[in-house]
Protein chains: 4
Amino acid sequence: MTISEPQATREAVLDAALAVFTEHTYGGAAMSVLASRAGVAVGTIYRHFPSKEALGNAVYRRWKVQLGEHLFDDADAGSIRAEFGRIWRGMLRFAAAHPDAFAFLELQQHGSYLDAESVEVTRRIEQAGAAFVVRGQQTGEIRDGDPAVLVALVYGAFVGLAATDRAGAGLDEGRLQLAEDAVWDMLRAR
Amino acid sequence: MTISEPQATREAVLDAALAVFTEHTYGGAAMSVLASRAGVAVGTIYRHFPSKEALGNAVYRRWKVQLGEHLFDDADAGSIRAEFGRIWRGMLRFAAAHPDAFAFLELQQHGSYLDAESVEVTRRIEQAGAAFVVRGQQTGEIRDGDPAVLVALVYGAFVGLAATDRAGAGLDEGRLQLAEDAVWDMLRAR
Amino acid sequence: MTISEPQATREAVLDAALAVFTEHTYGGAAMSVLASRAGVAVGTIYRHFPSKEALGNAVYRRWKVQLGEHLFDDADAGSIRAEFGRIWRGMLRFAAAHPDAFAFLELQQHGSYLDAESVEVTRRIEQAGAAFVVRGQQTGEIRDGDPAVLVALVYGAFVGLAATDRAGAGLDEGRLQLAEDAVWDMLRAR
Amino acid sequence: MTISEPQATREAVLDAALAVFTEHTYGGAAMSVLASRAGVAVGTIYRHFPSKEALGNAVYRRWKVQLGEHLFDDADAGSIRAEFGRIWRGMLRFAAAHPDAFAFLELQQHGSYLDAESVEVTRRIEQAGAAFVVRGQQTGEIRDGDPAVLVALVYGAFVGLAATDRAGAGLDEGRLQLAEDAVWDMLRAR
DNA sequence: AATGAATGAGGATTCATTCAT
DNA sequence: CATGAATGAATCCTCATTCAT
């Protein structure tokens, strides 16, 4: 019943990796820097992850999955508009609670080191988004057309908004409301 | 009637740099790969650009400026909606004509190697976008609220759309019309 | 009872550096040559010294300090002439025991890579020499005049002598006695 | 009967080479820097000297020969002491008139790029010095012993003095007289 | 499990030299 | 004769990975 030390080390490495990758880019982050940030020796990292690439993928998946859970976890309650609000504010909450993680996910989106499983995680989220759009189209609340395009537009808009925020422009309540309204108008029928 | 050699070499290097940076990331691109792609020796690159960083900035600026010219060059003719259409299709034309360049600009947006002048070029384009939004707000055609937020949403949406396209999903006429209509609905008043 | 490894590696690198710097000049010595001479990989050198410059300074200081200890370590016993003999033969012993080190010190005397601390080490030795001269001037055994000039003449003469030796001319007992006598006559009053 | 342009270019290159070699070291001096200092193109240097090494040797010989002429040119007039004075002040005049050249000669003394002819020039000067010493020994004015050793001591002392001067300590009339007297006492019999 | 010294391939950059103009 | 763009081998340094302790 001892504290699971190895698990704790693994967590420490993942946390340090997120911070260092976000700060220096995956390619620009040295394992030694990462190790000292995690408070372990370089060799120790290799006990938990077979390579830098594997570590990068582990970080990516860990957070991409969490982002997905933030968006589509609970049952659909109420109207499509209400559901959109929940999704949108879920993204907002995630980006606010884990700005490093969100920035990392965007920056590494096209990281050449991402493996099939990581890509799959990404695809699942996009599909969940598309499923929501299709549902809305069936009720007539969301405009017709390729759901993938609409998902791309909405997610892109959100990323643009988050980038603005990261760049220093504070996002107050008014701006957040403006954004949500505008994006919903992009999505909704009519 | 020969082409001025040094200038031609410089162009070849800039072209190769765009291709290789887009393919491998700025950080992941080796100067030697870049050189052989350009058909010159490594040393030759350094006769034209003092460092990899300078080369990266030159590529960034060259295309960011061109993107800007695609968007806001000609006089504003007609309604705000028409102007929006021109800007949107300008982005579309640019992304279609120079997909590498567009991808590079997005990926390197936050490249830590970008210098003050490169950042300034970016800022100027964003300001031109904001100016357009303000004009539309004054005529009542564009919804009220912080222009920077609206610009971020629109540009983000476009980037998302372009990423989808790059990922393999073809963008036919219908999808393009859908995107333009949806984004305009995000922007317009009411 | 094993020898502490890292320390041993450090020593091996310092020794190899002295040999290679002396043979090829600081500027002309490639780190790769130095590494193989030390029997380690290039990267290993950089675990012990942050840069070639730092290594050069470490070698310089290591030996300059030793030279200083050879000259001025023990208490002054007997006359000024006896003390001069001790200093002179101290230099001789040092140059004979560590010909590489002595040659290196001379050649790199004005190395532009020497940092403040290295220059300080040099200055301390010159000051010890000047202090000896002043003492001799106070007892009337050494000629009057700027001690710095006299130190420069004596040390210069010694360097010239050592260079002759290195050039191949053997220095037998007779020649050494001649040199010591001559240099003392340069120094002494009257 | 035109002005011999090529000769003038050659001179300009030799002058620039002296300056740049002294400032940056033979090894540290780039041909391109040298070229722009001389006001010619890099390629032009190679019309006059087959390689950097040849240029280095040309500079070395040009000045070493001049130094020799400063020392031993005119007929021996008067006593050995007077002749010593002439030689010593000849060195002084040379070092004062061409400090760059003197520094260069010392620094490059052991330059591995010096070829046989350059070494021969050096040897001739040392021999002239030895011949003077022998003459003095025959008249009983200079102490007995290996002339090479005495020449090394005297020349070494002079180099030490010049180094002191270059290091910033001004050499006024008093100091110069002190040095000459002291060095003569090193040389003279008794 | 953890450590951290050692490795060496690989990267950015320099520079003597060549040669077409 | 002069030019200077081009070359590519060589340099310093970094960093993912291994392995003896």
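In the text below, chain A, chain B and the rest are named by the order of the sequence lines, each starting its count at 1. Treat the numbers as computed from the prediction; the structure is a model and nothing was measured.
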Separation of atom CE in M31(C) from atom P in dA6(E), rounded to whole Å: 14 Å
Interatomic distance where OH belongs to Y46(B) and C1' belongs to dT13(E) [whole Å]: 5 Å
Test: E117(C) and K64(C) ion pair at under 4.0 Å: no
Between dC15(E) (P) and E53(D) (CD): distance, integer Å: 18 Å
Polar side-chain atom of K52(A) near backbone of A29(A) as donor-acceptor pair, under 3.5 Å: yes
Length of the line joining F49(B):CZ and dA12(E):P, which is rounded to integer Å: 15 Å
Watson-Crick or G-U stems involving DNA chain E, each at least 3 pairs long, distances under 3.5 Å, ordered by first number: E:2-21 with F:2-21
Rounded distance in Å - CZ (F21(C)) to C1' (dC12(F)): 12 Å
From dT3(E), dT11(F), dT3(F), nucleotide with atom closest to A30(C) side chain: dT11(F)
I45(B) or Y26(C), whichever maps to the more 5' nucleotide of DNA chain F: I45(B)
Toward the 5' end of DNA chain F, by each residue's nearest nucleotide, S32(C) or V40(B): V40(B)
S51(C) side-chain N/O to dC12(F) phosphate OP1/OP2 under 4.0 Å: no
Spacing between Q7(B) atom CD and dA5(F) atom C1', to the nearest angstrom: 13 Å
Short side-chain N/O contact from T9(A) to OP1 or OP2 of dA2(E), under 4.0 Å: yes
Distance, nearest 0.5 Å, that separates CD1 of I45(B) from CG of L34(B): 5.0 Å
Integer-rounded Å distance: dA2(E) P and R10(A) CZ: 12 Å
Full working for side chain to side chain contact (heavy atoms under 4.5 Å, CB included) between D15(A) and R62(A): CA-CA 10 Å; D15(A) 286 352; R62(A) 171 206 188 63; 3.4 Å; yes
Check: R47(D) side chain, dA2(F) base, donor-acceptor under 3.5 Å: yes
Sugar-phosphate only, base, or nothing, as touched by A29(A) at under 4.0 Å among non-hydrogen atoms: sugar-phosphate
Side chains of T122(C) and Y60(C), donor plus acceptor under 3.5 Å: yes
First of T44(C) and V42(B) reached from the 5' end of DNA chain E, by closest nucleotide: T44(C)
Parallel, tilted or perpendicular: ring planes of W63(D) versus H98(D), cut at 30 and 60 degrees: tilted
Under-4.0 Å side-chain N/O to phosphate OP1/OP2 contact, H48(A) with dA1(E): no
Pair E106(D)-R166(D), salt bridge (Lys or Arg N to Asp or Glu O under 4.0 Å): steps then yes or no: CA-CA 12 Å; E106(D) 282 324 297; R166(D) 254 196 330 275; over 6 Å; no
Distance in angstrom units between H24(A) NE2 and dA16(F) P, rounded: 12 Å
Which nucleotide in dA16(E), dC13(F), dA6(F) has an atom nearest any side-chain atom of K52(D): dA16(E)
Under 3.5 Å donor-acceptor, Y26(C) side chain and E53(C) backbone: yes
